[in-house]
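Here you go, one structure.
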Amino acid sequence: MSHQPQQIVAAQRSQRLRAAADTEFDLLIVGGGITGAGVALEASRRGLRVLLLEGEDYAAGTSSRSSKLIHGGLRYLAKGDVELVRKTARERKAVHRIAPHLAASRRMVLPAQSRGRWLTLRAAVSAYERLGQVERRDKHENWRTRDLARVEPLFNTERFPFAIAYREYLTDDARLVVANVRAAAGHGAVILNRTRVTGLVRSSGSPSAPIIGAQVTDTLTGERFVARAKLVVNAAGPWVEDLLKMEAPQKPSMLTLTKGVHVVLPRERLPVHYMWVVSAPDNRPIFIVPRGEVVYVGTTDTEHHDNACVWPGITRNEVEYLLAAIPGQFKVDPLTPADAVSAWAGLRALVAQPGKRPSEISRSEEIVTGPGGLITVAGGKLTGYRAVAKSVVDLCGKRVAVNKAAKEEAPLPGGDFGGSATELGKALAARRALDSQQADRLAHLYGSEADQVLALGEQRLHPASPLLDGEVRWALASEDAQGLEDLIYRRSRVALYTVNGLLALDGAAKLMAEALGWDEARVAAECVKVRARFAEDLTLGEGPSLIGKEAYDVTFS
Ligand code: FAD
């Protein structure tokens, strides 16, 4: 068995499908978000034969819509949940160790209006750093007006003369998922996207018989097959309820869904240098995150009463709510929805706590085993995915033989370099004569594999887009991209992190067509689909006003 990150290439899809139908696995994982991907890696690392089936694309659900922070959760400290803060704060370090490009250390700034508030925040951040065993060089800095004026001249120091700058980690959620599934494949796991589980298979006709597999549809071809496994893990995020109903139709629902929106602005409209936590009009904290040529602002937290869906709609009121606070805190002209160059919305799957407001509901995960043996993971955060994966595999160990985890955890694909991704980008710029922004972008997306990506092509597919032909070839050859949306939204991420997200679309479609044998009609359909998707997220719908609503309250995710 190879222990190198496997190239899960498109040409091998037929082999993987055959293996999925012909093998009896130890573990079948339903869902290729961060939960499923993390479990696949942990389980395959510990000797289990693993099959992961993702109905859409890896990270197509919540795991591409987060605020993209690997964070310890200061909010838990405010709620007195010290153990959770300790666990998640340490988790940040672990993810940084195995994937420095996907957990990049950044300063997050918390402003304060008064000296009293400043001192309270300092005490909270110090406690947070103690719990997270933050090293001396990474400890927070206390900034006053003169420091703020120097480091972030746009900030309104008249209203906020004080601030704390502490360390958080910026990730790329979808790429973290892809890195995990590739690493799992390197340990022998069979990984498939566009394969939907439509039913569960039991050992006998009795409705209470143990679950021993699933009915699966390959959504690319419509072909159906049965996948067999000793254990089935339900890691379907906002859709876990669908699987739970397949196991026990009468089971009361265990989830509350809440929606979170982010809006993307050109960096020049809000040219900040640091990540910020600022107050929305109703005092909820929201993040401002600069990333390359854009800066994103989010998030909201409102109840989502409809069924789970891949693309929740975004309303004008949500975007206006996120933008309203900025001009009071930064010296910039008023921002309107027309300034947005992109946006995304995602659903949090929270374990229901009746009577609680969205932001009061715990973000902790719950792992439950159902009457048919289905292991369901509900709730949780991106940040804690390794710990969740370990708990799930330990639980599996009660029913199938599982090896002890090796002490040394290998870096994720692209993570085997010392230092920071910023340094890696600088070295790449020098070595390859690239412009510094492009080199930095590639270093954060691909880590140490950026050179391999560049070896496949350094040609920009449009003069005003950073997307390279090499990235398209890489996404096809190594990252299992099946369609244009996979490439634009979840591999290269140009739809979210660039000002002209779709300029390279036609060039990318042409390259994909050559590799995947698409005809003209398919090329046109792929382009139309992505353009429609992108336009819809910027065509803001009607929705209730957010300002002053009780449903909105302090939350940090
Ligand atoms: P998902 O990513 O939704 O994955 C579930 C997958 O299952 C989907 O890809 C879906 O297609 C697939 N699936 C469903 N049904 C089937 C089926 N029948 N067959 C096959 N596949 C199926 N956490 C942090 O740590 N930091 C943050 O900054 C942060 N910010 C957030 C901001 C927002 C707005 C939101 C909504 C969440 C945020 N979170 C954050 C939480 C984090 O994003 C989630 O906890 C995490 O992504 C959940 O991952 P998951 O794998 O459980 O679910």
Side-chain angles (χ1 to χ4, degrees), residues 28-40 51-73 88 91-92 95 103 108 168-174 176-177 180-181 192-200 214-219 227 232-246 255 257-262 275 286-287 289 296 298-302 304 308-310 312 314 318 322 343-351 358 363-365 376-386 388-389 392 490 555-557:
L28 160 57
I29 300 161
V30 186
I34 193 62
T35 306
V39 172
L51 171 64
L52 180 145
L53 300 174
E54 163 54 50
E56 304 278 335
D57 181 29
Y58 313 118
T62 312
S63 298
S64 55
R65 320 296 169 81
S66 77
S67 302
K68 317 197 191 308
L69 295 167
I70 300 286
H71 55 167
T88 49
E91 230 11 66
R92 302 183 311 176
V95 183
M108 174 78 84
E168 286 288 28
Y169 290 84
L170 183 63
T171 189
D172 183 305
D173 45 10
L176 186 63
V177 171
N180 272 275
V181 293
L192 281 158
N193 53 7
R194 301 274 161 23
T195 45
R196 175 156 296 281
V197 167
T198 55
L200 297 173
Q215 282 133 11
V216 187
T217 302
D218 174 358
T219 63
V232 180
V233 169
N234 173 8
W239 296 269
V240 292
E241 217 92 80
D242 297 352
L243 273 283
L244 285 167
K245 292 257 150 52
M246 291 178 199
L255 286 188
L257 300 182
T258 77
K259 181 172 63 157
V261 169
H262 290 81
M275 304 199 298
I286 50 177
F287 297 119
V289 179
Y296 60 80
T299 177
T300 57
D301 195 6
T302 51
H304 177 87
C309 57
V310 178
I314 301 174
E318 286 164 336
L322 291 172
W344 71 83
L347 297 178
R348 297 177 189 83
L350 307 175
V351 179
R363 267 56 178 163
S364 295
E365 75 286 346
T376 293
V377 189
K381 305 241 326 146
L382 196 73
T383 303
Y385 82 93
R386 287 170 63 264
V388 169
V392 171
R490 291 174 294 272
T555 171
F556 268 77
S557 71

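As the structure lists them, so they are numbered: ligands from 1, and atoms in each ligand from 1.
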Backbone or side-chain N or O of Gly380 under 3.5 Å from ligand 1 N or O
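Between Gly380 and ligand 1 (N or O atoms, distance only) the closest approach is under 3.5 Å.
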Short N or O distance, Ser67 and ligand 1, threshold 3.5 Å exclusive:
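Between Ser67 and ligand 1, an N or O pair is found under 3.5 Å apart.
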Where is the tightest heavy-atom contact between Glu91 and Thr383, given as atom of each residue plus distance?
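Minimum heavy-atom separation between Glu91 and Thr383: CG-O, 3.3 Å.
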Any donor-acceptor pair under 3.5 Å from Tyr296 side chain to Phe287 backbone:
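No, because the side chain of Tyr296 does not come within donor-acceptor range (under 3.5 Å) of the backbone of Phe287.
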Can you see whether Asp301 engages Thr258 through a side-chain donor-acceptor pair at a distance of less than 3.5 angstrom?
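Present: a donor and an acceptor within the cut-off.
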Between Arg92 and His71 (side chain of the first, backbone of the second, donor and acceptor by atom type, cut-off under 3.5 Å), is there such a pair?
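Flag not set: sc Arg92 to bb His71 has no pair under 3.5 Å.
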To the nearest 0.5 Å, how far apart are OG1 in Thr195 and CG in Leu52?
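The CG atom of Leu52 is 7.5 Å from OG1 of Thr195, to the nearest 0.5 Å.
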Check this for me - ligand 1, Gly55, N or O atoms closer than 3.5 angstrom, yes or no?
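N/O-N/O distance below 3.5 Å exists for this pair.
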Can you list the atoms of ligand 1 that are under 4.0 Å from a heavy atom of Glu56?
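Listed by number with element: 11 (O).
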Please list, in number order, the atoms of ligand 1 under 4.0 Å from a heavy atom of Val30.
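Ligand 1 atoms under the 4.0 Å threshold to Val30: 17 (C), 19 (N), 20 (C).
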Should the proximity of Leu53 to ligand 1, defined as any heavy atom under 4.0 Å, be assigned to the side chain, the backbone, both, or neither?
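Only the backbone of Leu53 comes within reach of ligand 1.
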Which ligand 1 atoms are under 4.0 Å away from a heavy-atom of Gly346?
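Answer for ligand 1: 36 (C).
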State if Thr195 counts as touching ligand 1 under the rule of any non-hydrogen atom under 4.0 Å.
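So Thr195 counts as touching ligand 1.
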Enumerated ligand 1 atoms positioned under 4.0 Å from heavy atoms of Lys68:
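Listed by number with element: 28 (O).
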Atoms of ligand 1 less than 4.0 Å from Pro238 heavy atoms?
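In order of numbering, the contacting atoms are 3 (O).
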Give the single entry among Gly237, Gly32, Gly298, Ala236 that approaches atom 13 (N) of ligand 1 most closely by any heavy atom.
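Looking at heavy atoms only, the winner is Ala236.
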Should Glu54 be counted as touching ligand 1, given the test is an N or O pair under 3.5 Å?
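It does: an N or O of Glu54 is found under 3.5 Å from an N or O of ligand 1.
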Which heavy atom in Gly38 sits nearest to a heavy atom in Asn180, and how many Å separate them?
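In this case the closest contact between Gly38 and Asn180 is CA-OD1, 4.2 Å.
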With heavy-atom distances below 4.0 Å as the criterion, list the atoms of ligand 1 near Thr383.
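Answer for ligand 1: 24 (C), 25 (O), 26 (N).
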Backbone or side chain, does any N or O of Thr299 fall under 3.5 Å from an N or O of ligand 1?
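By distance alone, the answer is no.
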Can you find an N or O of Thr62 that's nearer than 3.5 Å to an N or O of ligand 1?
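So ligand 1 has an N or O lying under 3.5 Å from an N or O of Thr62.
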Would one find an N or O of Leu382, backbone or side chain, under 3.5 Å from an N or O of ligand 1?
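In this structure, Leu382 places an N or O atom under 3.5 Å from an N or O of ligand 1.
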Output yes when a side-chain donor or acceptor of Thr300 lies under 3.5 Å from a complementary backbone atom of Val261, and no otherwise.
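Looks like yes, one N/O pair under 3.5 Å.
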Looking only at N/O atoms, are Val261 and ligand 1 under 3.5 Å apart anywhere?
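No.
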Would you name the heavy atoms of Ala60 and Val310 that are closest together and state the gap between them?
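Result for this residue pair: O-CG1, 3.6 Å.
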Ligand 1 versus His71: contacting region, heavy-atom distance under 4.0 Å
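His71 to ligand 1: side-chain contact only, backbone stays beyond 4.0 Å.
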Could you tell me if the side chain of Tyr169 sits less than 4.5 Å from the side chain of Val95, heavy atoms only?
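Of all side-chain heavy-atom pairs linking Tyr169 with Val95, none is under 4.5 Å.
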Indicate yes or no: does Arg196 engage Glu56 in a salt bridge with an N to O separation below 4.0 Å.
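Yes, charged N to carboxylate O under 4.0 Å.
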Under 4.0 Å from a heavy atom of Arg65: give me the atoms of ligand 1 that qualify, with their elements.
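Counting from 1, the qualifying ligand atoms are 33 (C), 34 (C).
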Would the distance check show the side chain of Thr171 and the main-chain N or O of Ile70 forming a donor-acceptor pair, the cut-off being under 3.5 Å?
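The answer is no, because no donor-acceptor pair under 3.5 Å joins these two groups.
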Of the backbone atoms (N, CA, C, O) and the side-chain heavy atoms from C-beta on, which set of Asp242 has a member under 4.0 Å from an atom of ligand 1: side chain, backbone, both, or neither?
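The answer is neither.
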Of all the atoms in ligand 1, which lie at a distance below 4.0 Å from a heavy atom belonging to Arg196?
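Near Arg196, meaning under 4.0 Å from one of its heavy atoms, ligand 1 has 15 (N), 16 (C), 17 (C), 18 (N), 19 (N).
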Can you check whether Asp173's main-chain N or O pairs, donor with acceptor, with Ser63's side chain at less than 3.5 Å?
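Judged by distance alone, no pair lies under 3.5 Å.
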Can you tell me which portion of Val197 lies within the under-4.0 Å heavy-atom range of ligand 1? Options are side chain, backbone, both, or neither.
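Both backbone and side chain of Val197 come within 4.0 Å of ligand 1.
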Taking heavy atoms and a distance under 4.0 Å, where does Ser64 meet ligand 1: side chain, backbone, both or neither?
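None of Ser64 does.
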Is a donor on one side and an acceptor on the other found under 3.5 Å between the side chain of Thr62 and the backbone of Arg348?
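Not at all, since once roles are kept as given, no pair shorter than 3.5 Å links the two residues.
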On a heavy-atom basis, which atom in Gly55 and which in Thr219 lie closest, and how many Å separate them?
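In this case the closest contact between Gly55 and Thr219 is O-OG1, 3.9 Å.
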N/O separation below 3.5 Å, Leu69 to ligand 1
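Leu69 vs ligand 1: N/O contact under 3.5 Å present.
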In terms of the angle between their ring planes, are His262 and Trp344 parallel, tilted or perpendicular, with boundaries placed at 30° and 60°?
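Ring orientation of His262 relative to Trp344: parallel.
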Nitrogen or oxygen of Ser63 less than 3.5 angstrom from that of ligand 1
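Yes, there is a polar N/O contact under 3.5 Å.
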